[in-house]
Amino acid sequence: MMNIEIKEVRSFLLAQRESLKEQYYLKPDPNLLLKNWTGVVDKALNNIWQTFDFSPEISLIAVGGYGRAELFPFSDIDLLILIEKQLCDDNSKKIESLISLLWDIGLEVGHSVRTIEECLEVAQQDITIATTLIDSRIICGETKHLTELKNGLFNTLDLNQFVIGKIKEQKERHHKHNDTAFNLEPHIKESPGGIRDLHSIIWLSWGAGYGNTWNDLVNAGILFEPEIRKIKTLIKYLANLRIRLHYLAKRREDRLLFDFQSPLAKELGFKDQDNHRASEMMMQQYYQTAKEVLLINTIIMEQVKAQFSSTKESDKQQLLTEHFVRQDDLLGTIPENLFSQHPEYIFEGFLMLQRYPKLRGFTPSAIRNLWRAQKSINKEFRDDPHNQHLFMEILRQPLRTAEVLKRMNYYGILGRYIPSFGKIEGQMQHDLFHVYTVDEHILRVLTNLRRFAVPQYDHEFPFCSVLMRQFDRVDLLYVAALFHDIAKGRGGDHSTLGKEDAQVFCTIHGLSKYDTDLVCWLVENHLYMSSVAQKQDLSDPEVIEKFVQRMLDKRHLTALYLLTVADVRGTSPKVWNAWKAKLLEDLYRLTERYFSGHQTDIDTEIEKKKEKVQRTLRHYGLSSPQQIKLWQIVDQFYFQRYDEKEITWHARALQGVIDSVKPVVKARLSPLGEGIQVLIYSPDQAGLFARICGYFEKISYTIQEAKIHTALNGYALDTFQIVHRSEESDHYRNIIKRIEEELQQRLEQQIPLEAPLNSRISRHLQHFPIQVMVHFGERERNQDRSLTIVAGDRPGLLYKIARVLVQHHINLKSARINTLGERVEDIFILDDKGLEKQDSREVIKTELIEALT
C-alpha cells in the first residue's frame, strides 16, 4: 500500500467542492452539479482504492443516493465493500485503514462489508437495506460482482412483500411528519411531497417489474411523456432547493428551517411585497410542488397496488351509476375522461366517495382526469346552481366530509371553486402558535369538527361529541370553519374580511338569512370565546354577563364552542392542553346556565358550593362548618373563585396546619389529568410570587394559571397549575414530594432573589420576533389595576416579570397565564398602591420591556 497524502486529498476535495459551488451559482444546474460532485468523489475513491492493492475478489460498490449518482454537497457517502468470501486478517486490516482514511480526508462514510449471500440474506430481513442495494453501482472491482448481486436481489426477494413493505414504509414516514406536506419547516427529503416520494415511485416500479428508470415507466404505460417532463421539473426544483440548503448551512441539512428560508428566498429572486414576505412566497411555491409530487406518487401507488391486488376478476368491477364504476375498492368513471368532458360531474364524483365509504378513493386515471379538469372550474362553473347544490350536498353528507374536502384541496379543486381559499393555499402563518399553512389549518379544523360527529371518537372529547350530535345544522359549522381564517394575509382584520366572504358564499349557495347570519357571526367571533376563557376571570359575574350578551342564544353558544375547540386543536399539537379544555368548558357551562334560566345570585351559588364541599368533608370526619378551619380564614371571594374540588382539597390539606408559622406546600396530580397542582399557604413575605416562579423555572415547569389569594389572617393562599416543558421521566410521586420539600425550604429561608438566567429564545422567535407590549388598565372600583403583557415565550419570562414587580413593591392579587405556542399574553391583577401615578407606571413599563426584550 502506497502512502496517501491526507492533507493533499482533503484539499483536493475541498477545492473541487468550492469550484463546483461557484460554477453552480453562475449557472444553476442541479443535475450537472450532482453528477460532477459524484464524479469527484468517485475519482478520489478510485485513486485511494488502487493504493491498497485489494485482490480481485473484493469490490467497492456505491449504494443509496451515492449509488444513484445523486450526491449532494454535504451528503453521506454510502459504500458496500463486496467480498467473495470471508476476509483474511490482512484484508480486514486494510479495510479498517481504508475507512479510517476516508474519514480523515473529510468524507462522511457509511459502510458495510458483506458477501453477496450475506447481502441477499439481510435484504430479505430489512427492506431499507434491500432498497439501498437496488440503487447500487460499481466504483472499483469486478463488474460481475454487481451483476450477480442485482440479479440475486431481484430473484430472491419476495417482490410482493417488497412492494407492500415500501407502501407501508412511506405511510409510516408520512406519519412522522404529521401526514402533511404543509408543516412550516418541512423536510424536503422525507416529508410528504418530498424527494423521497419520487424515489419511492422508482423503487415500487422496480418491485412491480416495470424497471427502475422513468423511461421504463413510460414504456410500461404507467406514466406518459408529459408526466415524465413534469416529474423531471419537480426533481430539478427540489434538488435545487436541497443543494442551496446544504451550501447555506455548510452541512447536510434537508429541513427548510426558518433560519434559511429568507436567505434562500433572496437567492431565488423573491422580494417582499405589501402583505407577504419573500420567504412566504417561496414556501408557497414549495408547497405547490410538494402537492404535485404527492399527486404523482398517489397515482403510481394505486397502479402498483392494482397489479398486486388479489381480488377475483369477477369482483373487480361494479357499475354504480351510468358514469361511475367501482374498480376493486376505487372509484372509476365512464368514460375515463368524464371530468374533462363534463365538469358538472366533478362534485358528483366526490359525493360517490361519501355514499360508498368502502371506496378508498379514485382510480389513477380518474385522479389524472380530475387534475386536468380543475381548469374547467371557472366563474361559469361556480355560478351554476347545479354545482352549488352538489357542493352543499357534500357538506351535508353524514360520512367522510372532511376527508373529501381534503381530497378536493389535494387535487386543486377546492381552491378553484372558492377563489379566496385558493389564495391561502400554502400560505404560511408566523403567529408563533400555528404550525401549519392556512389551508392545512382550516382542513384540520374541519377534521376536528367531523370527529366530534363520529361515535368512534367519542372518547376524545365526550362533551363536544354530545353537543355535536344535538346540533341541528352541522353543515353550517363546516362552512364557518372553511371561512374562519380564509382572509389571513390580506392586511386587515381577517375575522371581518372572512365574514364578508362567508356572506357572499352563503347568499350564492341559497342559505337562508337565519343560517347565513349564524355562519357570518361565527366567522366574525371565532377568536372571542378563546380570548375570554383564557384571559378573563370566569369567577367574575360581570365577565359572564358580558359574554352572554355577545352569544345571543344557546345555539350560537354551542356553535361557537364547537368551532373554538376544533380551531385551537388545529393550530398545533403543543397549543391544546387539558387546562384550556377546562377553561372553555367552564365558560360554556356558566353561559349555558343563563340561557337555561338557572342563574341565581352569587350568595346562593356560594351556599350551594359550601353544601357540596361539606357533604364530601363529612367522609373525612369534618361534620360541621365550625370544624373546617380553612373556612375561618377565607372570605366570600375565595368561594367565588375556587370550585368545589379545589376547596375540598385546600380544606383537607390545611386542616392541621392552619396556624403554622412556617410555609406549607402541598402538591397533587392535577384533576385535569395533565400536570401538577400546587398549593402554597404561607405568612406573606416580600417577593413570594417571584420566589415561587423562580423555583418552578429552576425545575423546568411552566405555570399555566396562578390564583393568588390573601386570607383574612394575612397569609398567602396561592394555587398554581404547572406542567413540565418536556416529557417528564421521573415518577410523579417523586416529583410531588420534591416540590413540597424544596419549595417549602426555599420559602422558609427567604433567600434573596436570584438573577434571572439568560435563556435562549427559540429559532422561531429569532426570525419572527414579537414586540413586547405592556399595558396598564384603568383603576378598578376595588382598588385593583390590570397589567397586560404580550411577549415571545422563553424560559424565565414569568420570573423576570415578578422580579420587576417586587423591586417596586407591587402586590400581586392574581395572574392569568396564557401561552399560545411561543406567544404569551399574560394578565395580572395588581394592588393599585404604588401605581396611582402615571410616571410610576411608565417607569415599571420601561423596566418590564427591557427585562423581556
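Just so we're clear, the structure is a prediction, and the values are computed from it rather than from any experiment.
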For Asp259, what residues pass the salt bridge (charged side-chain N to carboxylate O under 4.0 Å, His left out) criterion, not counting sequence neighbours? Arg763
Run through Val634, Ile680, Val664, Ile708 and flag the one making a side-chain contact (heavy atoms from CB on, under 4.5 Å) with Leu717. Val634
Sorted by chain and number, sequence neighbours left out, salt bridge (charged side-chain N to carboxylate O under 4.0 Å, His left out) with Arg490 holds for Asp501
Residues that Lys845 engages under side chain to side chain donor-acceptor pair (under 3.5 Å), provided they are two or more places apart: none
In the structure I gave you, are the side-chain heavy atoms of Met428 and Phe182 within less than 4.5 Å of one another anywhere? no
Between Ser660 and Pro683, which heavy-atom pair has the shortest distance, and what is it? O-CG, 4.5 Å
Run the side-chain contact (heavy atoms from CB on, under 4.5 Å) test on Val678 and Ile692 for me, step by step, so that the C-alpha distance in whole Å, both residues' side-chain angles and the decisive distance to 0.1 Å come before the verdict. CA-CA 10 Å; Val678 183; Ile692 295 169; over 6 Å; no
Can you confirm whether Asp643 sits close enough to Asp586 that some side-chain heavy atom of one is under 4.5 Å from a side-chain heavy atom of the other? no
So do the side chains of Met529 and Leu557 get within less than 4.5 Å of each other, counting heavy atoms only? yes
For Tyr561, the side chain to side chain donor-acceptor pair (under 3.5 Å) test, sequence neighbours excluded, returns none
Measure from NZ or CZ of Arg589 to the centre of the six-membered ring of Phe463, then state whether that distance is under 6.0 Å and the direction lies within 45° of the axis. yes
Taking only residues two or more places apart in sequence or in another chain, which ones pass side chain to side chain donor-acceptor pair (under 3.5 Å) with Asp439? Thr437
Might you work through the side-chain contact (heavy atoms from CB on, under 4.5 Å) test for Phe483 and Leu522, ending with a clear yes or no? CA-CA 9 Å; Phe483 284 89; Leu522 286 170; over 6 Å; no
Could you grab the distance from atom CG of Leu852 to atom CG of Leu797, nearest 0.5 Å is fine? 5.0 Å
Which residues satisfy the salt bridge (charged side-chain N to carboxylate O under 4.0 Å, His left out) test with Arg251, sequence neighbours excluded? Glu253
In Å and rounded to the nearest 0.5 Å, what is the CD to CD1 distance from Gln704 to Ile817? 10.0 Å
Mind checking side chain to side chain donor-acceptor pair (under 3.5 Å) for Asp635 and listing every partner two or more places apart, or none if nothing turns up? none
Please check if the side chain of His246 supplies one atom and the backbone of Phe74 the other of a donor-acceptor pair under 3.5 Å. yes
CD1 of Ile829 to OG of Ser786: how many Å apart, nearest 0.5 Å? 5.5 Å
Check this for me: His808, atom NE2, are more than 12 non-hydrogen atoms of other residues, nucleotides or ligands nearer than 6.0 Å? yes
Tell me, yes or no, whether the heavy-atom count around Lys609 atom NZ, taken from other residues, nucleotides or ligands under 6.0 Å, exceeds 12. yes
Are the charged groups of Glu542 and Lys546 less than 4.0 angstrom apart, N to O? no
Stepwise, does the side chain to side chain donor-acceptor pair (under 3.5 Å) test hold for Asp567 with His526? CA-CA 8 Å; Asp567 187 18; His526 74 273; 4.6 Å; no
Nearest 0.5 Å, what's the CD-OG distance between Glu280 and Ser262? 9.0 Å
Looking at every non-hydrogen atom in both residues, tell me the closest pair between Cys693 and Ile703 and how far apart they are. SG-CD1, 3.8 Å
If you measure from CD on Gln745 to NZ on Lys662, what distance do you get to the nearest 0.5 Å? 11.0 Å
Donor-acceptor contact below 3.5 Å, side chain Arg816 vs main chain Gln536: yes
Might you confirm whether atom CD of Gln838 has over 12 heavy atoms from other residues, nucleotides or ligands at distances under 6.0 Å? yes
Under 3.5 Å donor-acceptor pairs involving side-chain atoms of residues 746-753, not counting sequence neighbours:
residue: Arg746; atom: NE; partner: Arg691; partner atom: O; Å: 3.4

Got a sec, which pairs hit salt bridge (charged side-chain N to carboxylate O under 4.0 Å, His left out) with one end in residues 522-534, sequence neighbours left out? Lys499-Glu524
Any side-chain heavy-atom pair of Trp576 and Thr571 under 4.5 Å: no
Taking ring pair (Phe, Tyr, Trp, His ring centres under 6.0 Å) as the definition, give me every residue that meets it alongside Phe547, ordered by chain and number, with sequence neighbours left out. Tyr528
With a cut-off of 6.0 Å (strictly less than), are more than 12 heavy atoms of other residues, nucleotides or ligands near CD of Gln636? yes
Between the side chains of Ser840 and Glu836, does any donor sit under 3.5 Å from an acceptor? no
Sorted by first residue and then second, give each salt bridge (charged side-chain N to carboxylate O under 4.0 Å, His left out) pair with at least one member in residues 645-661; sequence neighbours left out. Glu646-Lys707
Tell me, please, which residues at least two apart from Arg803 pass salt bridge (charged side-chain N to carboxylate O under 4.0 Å, His left out). none
Between His724 and Tyr701, what is the ring plane arrangement, given parallel below 30°, perpendicular above 60°, and tilted in between? perpendicular
With side-chain contact (heavy atoms from CB on, under 4.5 Å) as the criterion, how do Met283 and Tyr287 come out once you've worked through the C-alpha distance, each side chain's angles and the decisive distance to 0.1 Å? CA-CA 6 Å; Met283 291 303 296; Tyr287 294 128; 3.5 Å; yes
Taking side chain as C-beta onward, heavy atoms only, is Tyr436 less than 4.5 Å from Asn183? yes
Would you please test Tyr681 and Lys666 for side-chain contact (heavy atoms from CB on, under 4.5 Å) and show each step? CA-CA 9 Å; Tyr681 177 71; Lys666 298 292 183 181; over 6 Å; no
Parallel, tilted or perpendicular, judged at 30° and 60°: which one describes the rings of His650 and Tyr638? tilted
